[in-house]
Amino acid sequence: KTRNTTGFFAAPEQELLCIFGTGDFGRSLGQRLLQSGYRVVYGSRRPHSCGPLPQGAQVMSHTAAAAQSASLVFVCIHREHYDFLETLAPELKGKVLVDVSNNLKKNLYPEANAEYLQRLIPGAHVVKAFNTLSAWALQNGPSDASRQVYLCGNSAEAKEAVSEVATKLGLTVLDRGSLTAARELEDFPLQLFPEWRLPLRLAASLAAAFFFYLLIRDVVYAYAEEGKDISFRIMVSLANKVFPIVSLIMLALCYLPGVIAAFLQLYRGTKYKRFPDWLDRWMLCRKQLGLLALAFASLHVLYTLIIPIRYYVRFKIAESTISKNKTSVFDTTLAWRADSYYSMGILGYALYVLLGITSLPSVSNALSWREFSFIQSKLGYLTLFFCTLHTYLYGGSRFLSPSTYKWYTPPGYILSLVVPSVVLVLKLLIILPCVDRTLTRIRRGWERTDPEDDTKKSLLT
Amino acid sequence: KTRNTTGFFAAPEQELLCIFGTGDFGRSLGQRLLQSGYRVVYGSRRPHSCGPLPQGAQVMSHTAAAAQSASLVFVCIHREHYDFLETLAPELKGKVLVDVSNNLKKNLYPEANAEYLQRLIPGAHVVKAFNTLSAWALQNGPSDASRQVYLCGNSAEAKEAVSEVATKLGLTVLDRGSLTAARELEDFPLQLFPEWRLPLRLAASLAAAFFFYLLIRDVVYAYAEEGKDISFRIMVSLANKVFPIVSLIMLALCYLPGVIAAFLQLYRGTKYKRFPDWLDRWMLCRKQLGLLALAFASLHVLYTLIIPIRYYVRFKIAESTISKNKTSVFDTTLAWRADSYYSMGILGYALYVLLGITSLPSVSNALSWREFSFIQSKLGYLTLFFCTLHTYLYGGSRFLSPSTYKWYTPPGYILSLVVPSVVLVLKLLIILPCVDRTLTRIRRGWERTDPEDDTKKSLLT
Amino acid sequence: KTRNTTGFFAAPEQELLCIFGTGDFGRSLGQRLLQSGYRVVYGSRRPHSCGPLPQGAQVMSHTAAAAQSASLVFVCIHREHYDFLETLAPELKGKVLVDVSNNLKKNLYPEANAEYLQRLIPGAHVVKAFNTLSAWALQNGPSDASRQVYLCGNSAEAKEAVSEVATKLGLTVLDRGSLTAARELEDFPLQLFPEWRLPLRLAASLAAAFFFYLLIRDVVYAYAEEGKDISFRIMVSLANKVFPIVSLIMLALCYLPGVIAAFLQLYRGTKYKRFPDWLDRWMLCRKQLGLLALAFASLHVLYTLIIPIRYYVRFKIAESTISKNKTSVFDTTLAWRADSYYSMGILGYALYVLLGITSLPSVSNALSWREFSFIQSKLGYLTLFFCTLHTYLYGGSRFLSPSTYKWYTPPGYILSLVVPSVVLVLKLLIILPCVDRTLTRIRRGWERTDPEDDTKKSLLT
């Protein structure tokens, strides 16, 4: 490694790497390696039946020779075909073997693919890496999430070698320790929205519960008490009651853990005690709760906007126009309330969408921490306030009318108001100047102490 | 290159680079280089008439001296002014010249700018690089796509030098070979949505075809047979028939190549044979097909939602209310069908939008491969199913009524149902357990063989 | 630093770094450092009361020992607790101290935190860095904007050391000079949408001005002249007049600086003279102007779509149906105009949304410069044209009717048409072939000169 005549630092000139397997991943990896200045040799038992290999790559059907030519070998074949590698054990001795494989399911095999490979060829240094990357990401250049390469292995030297290649491909390496971590790495690509599971389950339960509640209160009640069949309302009217209710509750649940955490810190007088586990987990899925709430709100908007083109609504309007056939008196108070109701809904939804847009990875990354928390906190509470007010205005003066309490049950929207009202009241308490001051000090590291505690602390320092 | 006293690795201290030209690009590049720890000297014939140069940069109106001071020179001037460089040929001998120029049009000149520069100054090592970056991206820090720097040149050493600078600026280098690739690199920034061309042309043809078909069936028919002028319907009613039809067909065309590929693999019994070219090309533009389908669906939604505020619709409703002037009977079946029709449409559109959001680069990059394929495949077919059902429900019982077949032509929506129905039926066949099992095995590398083939294979290994 | 036996370049083996403070940031930073192959030792006065430290990190309650063990120390504690560091001055002598702190407000302290730290421990090399990163970004892997690390300090060697660590964490380093820049760096995370301030203020002023103008023209006029109380219209009708007006004006203001700049270049005959400051600043906030215009347009769309479900509108329709009670004549011209009006609005809004989507960071980064300018310029002017036409069609034949000029004031929409009409006419002039040709030459560097100038230039070269 010397400086060349022009005074620039020369790269290890055209290092040769070997790839076993000519599947999608092997081909894409080879192309990327070639573009980054490596030489590539493929080892393939069937070099002629595979897709087109990247230009500039060498192909050897004699895999043993291919293996011997390079000190680093990428194993891009399915685990089922690993056994053929056993025959190459002598040639692979001392080489770095990179296992990029994934499985179709979790727990399909008793040991991780990489550990199996290490057992087959004990003389090689197996490194698990690149398995979270897709062939597609390799071809098109990595970006954002797909820039991270997790690796693990028992040889620090081998890991360093792989890490150097990854860095040269423009990737960021995260070392996960020894080869026993291989199973965890192989499970990464099999995860299906792990952080969405809880919020989705919650949304589904809420939606189901309110659907049946309203089904009984509206459709069954009308059939039982008045003998009318209004089951057709399930498709739009009922759905359009369930969606906003679930949306409002989910939005409130998105801000509830924040106020609980604040009160917990106030009560404990310190920020250095950990939150209970359930609160931690709840706070980690706030983004998902909020996005699901937005999805339900959007459905509510669409279901509301098609109201006037529905057959049922048109029929009702025509009927009432004909039956009355005389001008009723215009109610200005009602007009004020109805228009405020719509306005609050629209403004709330617009802020909702704004929150959704800022939680797009590329947008939130472009914001500073202060900007992000301004939007997600200040604008978030404003959204919750608008949407709650929208629901209160929907109820209007009907809250106290006994006729709305069919079979002694309250209408759905009243139930949906409980959580958001609680959250807004608690938040109001927190932003009172005296409470806010204490909380800010606690969050800056200040601790409320009694004399006893002080003694302990001086001992520690 | 030695280790300094604090034990850290010292960078080549303040290397000096030269920039010719003080245009937007030259200024931005200089600023970025300075921020990354280089010293910069500008060579400009008119140092006082240009915009403000970055602080810390040196400016020399005597360009020969500027060129001599650095071993790497960025040529940030238009090709038309290259001739002046010829006079500097002696000073530029042995230097690395980075050509960052682009042209206004393809094939404007007989040879690439970089090749022209090399011809003018044969003693220098010309490297084509940075031309795909914009001044704006340099100033604001590169991100995602704009992080990639393509370079080509005849001297490996010169390329390595440029590559080192690019890496230090936080960019990823992709080597495209010798200087003959310069023309290709210079064409990159001139490309205008190459991957959108085919889908856009398809969408435009479909829209035009259905527009004229429906124009004849609706407007011309009404004029010819009934003597009524309903040409005003072109603006909204006709548009709102064309948009959903094109959207549904495009969505189906987005999933058709996938099922064709599956059947091809089943028929061939292997995944190792390449797909025909037309299928490959078709599969590569699925994302664009889907996004265009979403655009048309969105137009359909907006056109549908304004229906009740249209003058024509209000007039018709008032007319029918007045003319009937008696209550007709409420049709529960019709209410069910109409509401289901709207519900399917809304749910289909909501999933459509979800698919669109997940195809945003920043969102799809944050998904694992399995998550991405779950959304694009499972949710994609669900979307297609909802939208197809929406269209069937629109037709309702009118399918068989002869009155809808004006001039013996079927209504537009019936034509639009052909492709999606075929896709859904084929997909249904594929997910039958027995077919699915075979397909999964094939995609894992298994091959259906006859004894003859087996012999061939063993010879190859 | 030697080459190891497998022939790969070995990293500085497990360098030890010290972190003072076990808050969120310190913990996240430690975890990230461990993942990137460093060894980490924490210095904490209260090692047991903090949250869980990353696995593999060492913790020392004897901070002096911790400080002595490493040559680079991250100071992750609040400025208020810096005084305790003074006691460690002997141990910290010659070490690199990285100040990552931020303040709650601007100008809270007379000197920057990093300068204060340097004053406390004059023997150490203080480097300000990492303060623009959040704990969250460190934990989840940096992406896009959060990949940039600004640093400043008086010792080039110390900065190089910090820069090496940052690069190893996958971050891009931007050197901001000596420690006097620390104050500027500490203000970065406190900025709240600096580039949005002007456009937001403009939008608010426009909205307020038109709100009061229309309040007087509509509500006050109706009360004063006709004695009717139509104040309920404020919530929806009035809002839905203000929003489109502000949207159209903002969209036009987004394209106005571009045409002004073009005319300025034509007038001056050169592109090498700087634009006046106000024009530069205006051009820099075009994106924000456009996005705010889109927000107002979206509100206009939602407010328009709920029209038919409003109580007031339903009441009016029923009243007019009943009162007339006979079929009026259908006006085909009116139907054409109304439907065209809606169509233009929808198409304009669709393009508007497209412009908004392409200005998402992840989408615009995936576009080449030519594609981006095609969309933002060509499609932008088309959007402006559609929206302007939409407004003209809204006015229709009412422009000249004197009854619309209540109290001799023109309706709001006429006022909103002034700026967009001017922009469109100016743009039309620019794209005339003869003007366009001159402009293109100027933008390629050509200058209109008189003989006198020529002499000057030859002297300069």
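Please read these numbers as outputs of a predicted model, since none were measured by experiment. Every chain is numbered from 1 and lettered A, B, ... according to where its sequence line falls, protein lines coming before strand lines.
- Put simply, the side chain of Tyr312(A) never gets that close to the backbone of Trp336(B): no donor and acceptor are under 3.5 Å apart.
- Residues that satisfy the side-chain hydrogen bond (donor to acceptor under 3.5 Å, both in side chains) test with Tyr342(B), not counting sequence neighbours, are absent from this structure.
- Contact annotation: the side chain of Leu347(B) approaches that of Tyr303(A) to within less than 4.5 Å [non-hydrogen atoms, C-beta and beyond].
- Residue Thr304(B) touches chain A through both its backbone and its side chain, counting heavy-atom pairs closer than 4.5 Å.
- Here the side chains of Phe315(A) and Asp331(B) are not in contact, with every heavy-atom distance at 4.5 Å or above.
- Applying the 6.0 Å contact sphere to NZ of Lys378(B) captures no more than 12 heavy atoms from other residues, nucleotides or ligands.
- Interface remark: Asn102(A) contributes backbone atoms only to the contact with chain B (heavy atom separation under 4.5 Å).
- Put simply, the side chain of Asp175(B) does not reach to within 4.5 Å of the side chain of Leu34(A), judged on heavy atoms.
- In this structure, chain B has heavy atoms under 4.5 Å from both the backbone and the side chain of Ser231(A).
- Put simply, the side chain of Pro194(A) reaches to within 4.5 Å of the side chain of Glu371(B), judged on heavy atoms.
- Here the side chains of Phe330(B) and Phe232(A) are in contact, with some heavy-atom distance below 4.5 Å.
- A distance of 7.0 Å separates CD1 of Ile306(A) from OG of Ser343(B), quoted to the nearest 0.5 Å.
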